[in-house]
Amino acid sequence: MALLITGGAGYIGSHTVVELLEAGQEVIVLDNLANSSRASLQRVAQITGREPQLIEGDVRDARLLDRLFAEHPVEAVVHFAGLKAVGESVRHPLDYYDNNVGGSLALCQAMARAGVRRLAFSSSATVYGAPADMPIPETCPIGIPTNPYGQSKRMVEDMLNDLVASDPRWSIALLRYFNPVGAHPSGLIGEDPDGIPNNLLPYITQVAVGRLERLAVFGDDYPTIDGTGVRDYIHVVDLARGHLAALGFLSTHPGIHAWNLGTGTGYSVLQIIEAFERASGRPVPYTIAPRRPGDVAQCWSDPAKAMRELGWRATLGLDRMMEDAWRWQSGNPAGYAEAD
Ligand code: NAD
Ligand code: UDP
């Protein structure tokens, strides 16, 4: 039996494929390479000694999905494929609803036709909106996401809840990621954003490697430890392992299950800069800039449910996140571009 990994050539997908291959699983990747390249999977093969099969195509393509399920004995699906840039989602909302909601809908319809009913979905802490109290447990009511990207994640969660209510044979995981950072310790795969990074860590590593001049810290007047925004950064390898734990649980527990995948600890932007400088030995020049619209002051998880039910917890600390992010960026200053 095999696992279908949509979006498996991307940042989190490629790290998850490594962990799955190393655990002896058969993996098929479906990716349209809209935000990735074949190079990531070639690197996965370098790490694991096994090249995952790539089907280049779109998750919204119903005929392709039907053929895929007919030709391969898929037992479960991990659904990473989608668009993820918050600012772009405000400018092009229809693309986000089409890819993220339309893609998930087409996938679930094809899974239903094929009788494959086990699914792990990449959701996000953004579905909680801006709760007043930290840390955030899964029992926190779903909030109102402030942008189309967050709305699309929330809409898919709603759709999956309705699906399980209509047919209890489904087993579905809603994996709510906090802030994935870092890279595989080999330095062979990592985050490779297109254009100027939106996220903090890739911005910092690109400043350190000389691709960007200086970081803008968005706001230093939040009610936090030093006035800058606080987030729950999680090493991408820990996050990837969370998927294996969730898939194991789903195989014996039908129904729908939400889990926070975070560390339970929040760090401010200035703490991240300091940790990165320590790990890399490189200075990260920065200026204080106005707050970024839509940002919350702080956000960190209560990961106790995942610990209790999955036996999973994040084990790689802040220093490892920074060291691994730097190993990837310094070894691949232009990301995968050199490998293409
Ligand atoms: P990524 O862009 O690196 O990976 C997504 C992959 O999906 C890419 O390889 C892209 O080519 C592919 N893809 C996009 N649309 C597709 C389509 N229609 N058909 C087939 N393939 C398609 O992003 P990532 O950081 O690895 O994120 C993976 C998932 O996790 C996404 O659903 C994202 O929304 C979610 N997520 C990411 C973060 C984060 O900070 N990185 C946080 C929370 C949730
Ligand atoms: N941030 C920043 N400068 C940047 C990018 C991000 O100061 O160039 C801050 C942002 O305001 C937030 C934190 O870093 O407090 C994490 O932002 P990111 O976009 O990485 O993740 P988010 O939690 O917003 O999804």
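Position 1 is the first residue of the sequence, and the numbers go up from there. Atoms within each ligand, like the ligands themselves, are counted from 1 in listed order.
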Query raised in the report: Which residue holds the protein heavy atom closest to atom 4 (O) of ligand 1, what is that atom called, and what is the gap in Å?
Result: Gly10 CA, 3.5 Å
**Report entry** Trp326 and Phe276 aromatic ring geometry - parallel, tilted or perpendicular at 30°/60° bounds
**Finding:** perpendicular
Query raised in the report: Taking the six-membered ring for Trp, are His243 and Phe80 parallel (under 30°), tilted (30 to 60°) or perpendicular (over 60°)?
Result: tilted
Report task. Please work out which of the three classes, parallel, tilted or perpendicular, describes the rings of Tyr11 and His15, given edges at 30° and 60°. Result -> perpendicular
Report summary line: One finds that the ligand 1 atoms under 4.0 Å from a non-hydrogen atom of Tyr149 are 33 (C), 34 (O), 35 (C), 36 (N), 43 (C), 44 (C)
Query raised in the report: By number and element, which atoms of ligand 2 are closer than 4.0 Å to a non-hydrogen atom of Asn198?
Result: 5 (C), 19 (O)
Query raised in the report: Would you say Val217 has any N or O atom under 3.5 Å from an N or O of ligand 2, going by distance alone?
Result: no
Query raised in the report: Quick check: does Tyr11 get an N/O under 3.5 Å from an N/O on ligand 1?
Result: yes
Query raised in the report: Applying a strict 4.0 Å limit to heavy atoms, is Tyr286 in contact with ligand 2?
Result: no
Requested in this report: Please determine if Val269 has a nitrogen or oxygen closer than 3.5 Å to a nitrogen or oxygen of ligand 2.
Outcome: no
Requested in this report: Flag Pro180 as yes when one of its N or O atoms lies below 3.5 Å from any N or O atom of ligand 1, and as no otherwise.
Outcome: no
Requested in this report: Quick one: sort the Tyr336 and Trp328 rings into parallel, tilted or perpendicular, breaks at 30° and 60°.
Outcome: tilted
Query raised in the report: Side chain or backbone of Tyr233 under 4.0 Å from ligand 2, or both, or neither, by non-hydrogen atoms?
Result: side chain
Query raised in the report: Can an N or O of His79 be found at a distance shorter than 3.5 Å from an N or O of ligand 1?
Result: no
Report task. Determine the sole option in Thr265, Val230, Thr263 for which the side-chain contact (heavy atoms from CB on, under 4.5 Å) test with Trp300 is passed. Result -> Val230
Query - Distance-only N or O hit between ligand 2 and Leu201, under 3.5 Å - result: no
Query raised in the report: Is Glu191 in contact with ligand 1, taking contact as a heavy-atom separation below 4.0 Å?
Result: no
Query raised in the report: Is there side-chain contact between Lys305 and Pro137, with heavy atoms separated by less than 4.5 Å?
Result: no
Query raised in the report: Is ligand 1 less than 4.0 angstrom away from at least one heavy atom of Asp31?
Result: yes
Report summary line: A student comparing Arg231, Arg291, Arg292 should find that the heavy atom closest to atom 17 (O) of ligand 2 comes from Arg292
Query raised in the report: Looking only at distance, does Asn35 have an N or O less than 3.5 Å from an N or O of ligand 1?
Result: yes
**Report entry** Min heavy-atom dist Ser40 to ligand 1 below 4.0 Å
**Finding:** no
Query - ligand 1 N/O within reach of Phe80 N/O, cut-off under 3.5 Å - result: yes
Report task. Compute the shortest N/O to N/O distance between Leu83 and ligand 1 and return yes if it is under 3.5 Å, no if not. Result -> no
Requested in this report: Check the pair Asp66 / Arg63 against salt bridge (charged side-chain N to carboxylate O under 4.0 Å, His left out), numbers first and verdict last.
Outcome: CA-CA 5 Å; Asp66 284 344; Arg63 283 171 60 183; over 6 Å; no
Report summary line: shortest atom 15 (N) of ligand 1-to-protein heavy-atom contact is with Asn99 OD1, 3.3 Å
Query raised in the report: Strictly under 4.0 Å, does any heavy atom of Ala125 approach an atom of ligand 1?
Result: no
